[in-house]
Structures are given as C-alpha cells and as structure tokens.
2 protein chains.
Amino acid sequence: MGKDMSYKDKKVITIGIVRDLTGLSERQIRYYEERKLIFPERSAGGSRKFSFSDVELLMEIANKIEDGIQTHDIRKEMLREQKKHNQEDVRRKMIQGQLNAQFGLRKK
Amino acid sequence: MGKDMSYKDKKVITIGIVRDLTGLSERQIRYYEERKLIFPERSAGGSRKFSFSDVELLMEIANKIEDGIQTHDIRKEMLREQKKHNQEDVRRKMIQGQLNAQFGLRKK
DNA sequence: ATAAGTTTGGAAGGAAATCTAACATGCTTT
DNA sequence: AAAGCATGTTAGATTTCCTTCCAAACTTAT
C-alpha cells in the first residue's frame, strides 16, 4: 500500500540540473510552476525537487510555448488529458471490481 | 554513437538527496568515493552528481559494511564482478561480429 | 603491544546553488 | 490605454555543498 514509484517519478532533481537538462531558464521553470503546469516537491530547506517525468513534461511545455500557446491553454489541455486518463482508470478499476465480485478473489 | 542512457544511469542527484535516499551520512558517501567504490560526476561548480545506479550501489555497499567487510575488499569484489561482465560483453560482441561477417549485415 | 590503517564524526571557512520579491521590458489581448 | 503574459535581471538571504583538518574508536599487521 505504500505505493512505490519508478525512478521516473521520484522527485530528486534540483532546479539547476533541470535547467541543464531542458535548456530552460530557472526563471521559466519557476514561472511554469507558478502557472500550475508542474508540481515539484520541496526539501526541508525549501529547495525544489523534480522528477524525470517533470523534465519530460517541461520539454513538452517548451514546445508548446514555442508554438505560441499560452500557459493558460497548456494547463487546460493538461487538465483535459488528466480527466481522460482518470476515466480510463476508473473504468479499468470498475471492471476489476466486477471480476473480483464474480469470482471472489480474495486479497492478501 | 552518442550512446544515450536510461534514467537509471543519468547523473543528476546531489549528495543531500542521496543521503536521504540511502540513509548514509554525507561523510560516508564522500569517503566511499575516496575509496573508489563510486564515481559521481561533478557540476561546473564542483558539486557531486549521482545516478540512481549509484544510489543502489551505495545501498549494497552499506550492507557489506554492516557485515564488517572493508572498503578495500568491497572494491576487490566489485572489480571481479566488473571483469566478469566485461568478458561476457566481449564474448557477446565477438559472436555478433562473426554473424555480421558470415551474413554480411551492413550497418547504417 | 605498538604501530599503522580504517571508518566515521564534527568543525571551520568558503564557494556554489537556491530561494523570494521586486522592478523592467516587450508583447498580446481586451 | 489598460491589463495580462512571459521573461530577464538584480539584490539579499538561506541552504547546500565543498575541502581540509583533527579526533576517536576500532581493526589489522608487524
């Protein structure tokens, strides 16, 4: 239940490295956070920590910005995507639930 | 040929995070580097950068240290492992070379 | 058993990396 | 014209990291 994550999603990368990996400025990275496009964690002292997923997302964001899309609209797109995935997830879990009920697979 | 790497091998994690991930002290981590058990890269400013592989290796090292094995012997074990893998690699590549020669698969 | 080596902690002082907040600029959109 | 967007830059404070040293408690070798 403690749900562990792949390396890709572990928040372990500081902003300077993200800068080097993406080619974005730190200013841009912080701004995209402000606009709620990315959600780094924080260290005890307050430093941002990003994952490789965040880095990938930032590169996609960079592309859209280049195409003249505004952060506001990027956010909308992202929320739409998210919703779609959530729905798929719910469907998948419901089906699993049905199966469990029918065939009485017990957990643990 | 620019050989790209998986996330696991990218050197992107600073020592403080490695400390948190492994439970080792920074002192210990630096010492194990001094003893040539791990090989972090450096930022332009001189900060160490580790990969997830390094983190895993550090956890193995920590176990061996707990078992009373000395860094010197851990290093020997590691070199032995390394050599074995290199040999396997050479063998694999030689076989591949033979096949290419026999069947004239051309590269590119 | 004395000497030498191992492993770790801790302190000092300095440099690098990060943080927030503010102001400036050049564009868009309203 | 006013408001909002995206980014750069600066300043000062804080956090993180670096190396170098000394100390302590062990372990191994002579």
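Proteins get letters first, then strands, A, B, ... in listed order; numbering begins at 1 in each.
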Exercise. Tell me, which pairs form a side chain to side chain donor-acceptor pair (under 3.5 Å) where one or both residues lie in residues 21-32 of chain B, sequence neighbours left out?
Worked result: Arg19(B)-Glu26(B), Ser25(B)-Gln28(B), Glu26(B)-Arg30(B), Tyr31(B)-Arg35(B)
For this session: Among residues two or more places apart or on two chains, list those pairs meeting side chain to side chain donor-acceptor pair (under 3.5 Å) that have a residue in residues 58-68 of chain A.
Result: Lys64(A)-Glu77(A)
Problem set entry | Nucleic acid contacts - residues 31-44 of chain A versus DNA chain D, non-hydrogen atoms under 4.0 Å | Tyr31(A), Tyr32(A), Arg35(A), Ser43(A)
Contacts table for residues 36-49 of chain B: side-chain donor-acceptor under 3.5 angstrom, sequence neighbours left out:
| residue | atom | partner | partner atom | Å |
| --- | --- | --- | --- | --- |
| Arg42(B) | NH1 | Gly46(B) | O | 2.8 |
| Ser43(B) | OG | Gly45(B) | N | 3.2 |
| Ser43(B) | OG | Gly46(B) | N | 3.2 |
| Ser43(B) | OG | Ser47(B) | N | 3.0 |
| Arg48(B) | NH1 | Glu33(B) | OE1 | 2.4 |

For this session: Not counting sequence neighbours, which residues clear side chain to side chain contact (heavy atoms under 4.5 Å, CB included) with Glu81(A)? List them please.
Result: Lys84(A), His85(A)
Exercise. At what distance, to the nearest 0.5 angstrom, does OG of Ser53(A) lie from CE of Met5(A)?
Worked result: 10.0 Å
Seminar exercise, completed: OG1 of Thr14(B) to CD1 of Ile17(B), rounded to nearest 0.5 Å, is 4.5 Å
Problem set entry | DNA chain C: 5'-proximal contact among Lys49(A) and Ile69(B) (nearest heavy atom) | Ile69(B)
For this session: May I have the distance from Glu26(B) (atom CD) to dT19(D) (atom C1'), rounded to whole angstrom?
Result: 13 Å
Seminar exercise, completed: Quick tally for nucleotides 21-30 of chain D: nucleotides whose base has a protein heavy atom under 4.0 Å get B, sugar-phosphate-only ones S, the rest -, giving -------S--
Problem set entry | DNA chain D: 5'-proximal contact among Ser47(A) and Ile65(A) (nearest heavy atom) | Ile65(A)
For this session: Taking only heavy atoms on the protein side, list every residue of residues 8-23 of chain B lying under 4.0 Å from any atom of DNA chain C, sorted numerically.
Result: none
Exercise. Taking DNA chain C as the partner, which of residues 75-82 of chain A come within under 4.0 angstrom of it by heavy atom?
Worked result: none
Test item: [X] and [Y] side chains (from C-beta on) under 4.5 Å apart, heavy atoms:
X        : Y        : answer
Phe50(A) : Ile29(A) : yes
Met78(A) : Leu57(A) : yes
Leu58(A) : Val18(A) : yes
Ile65(B) : Ile69(B) : no

Exercise. For the helix from dA1(C)-dT30(D) to dT30(C)-dA1(D), what angle lies between the axis at the first five pairs and the axis at the last five pairs, to 10 degrees?
Worked result: 30°
For this session: Go through the steps to decide whether Arg75(A) and Leu79(A) satisfy the test side-chain contact (heavy atoms from CB on, under 4.5 Å), and finish with yes or no.
Result: CA-CA 6 Å; Arg75(A) 179 160 161 73; Leu79(A) 290 176; 4.2 Å; yes
Problem set entry | Contacts of Ser51(B) that satisfy side chain to side chain donor-acceptor pair (under 3.5 Å) - sequence neighbours left out | Asp54(B)
For this session: Go through DNA chain C in 5' to 3' direction and return only the first and the last nucleotide with some atom under 4.0 Å of chain A's heavy atoms.
Result: dT18(C) to dT20(C)
Exercise. NA contact type, Arg30(B), heavy-atom cut-off 4.0 Å: base, sugar-phosphate, or nothing?
Worked result: base
For this session: Would you please name every residue forming a ring-ring contact (aromatic ring centres under 6.0 Å, His included) with Tyr7(B), sequence neighbours left out?
Result: Phe52(A)
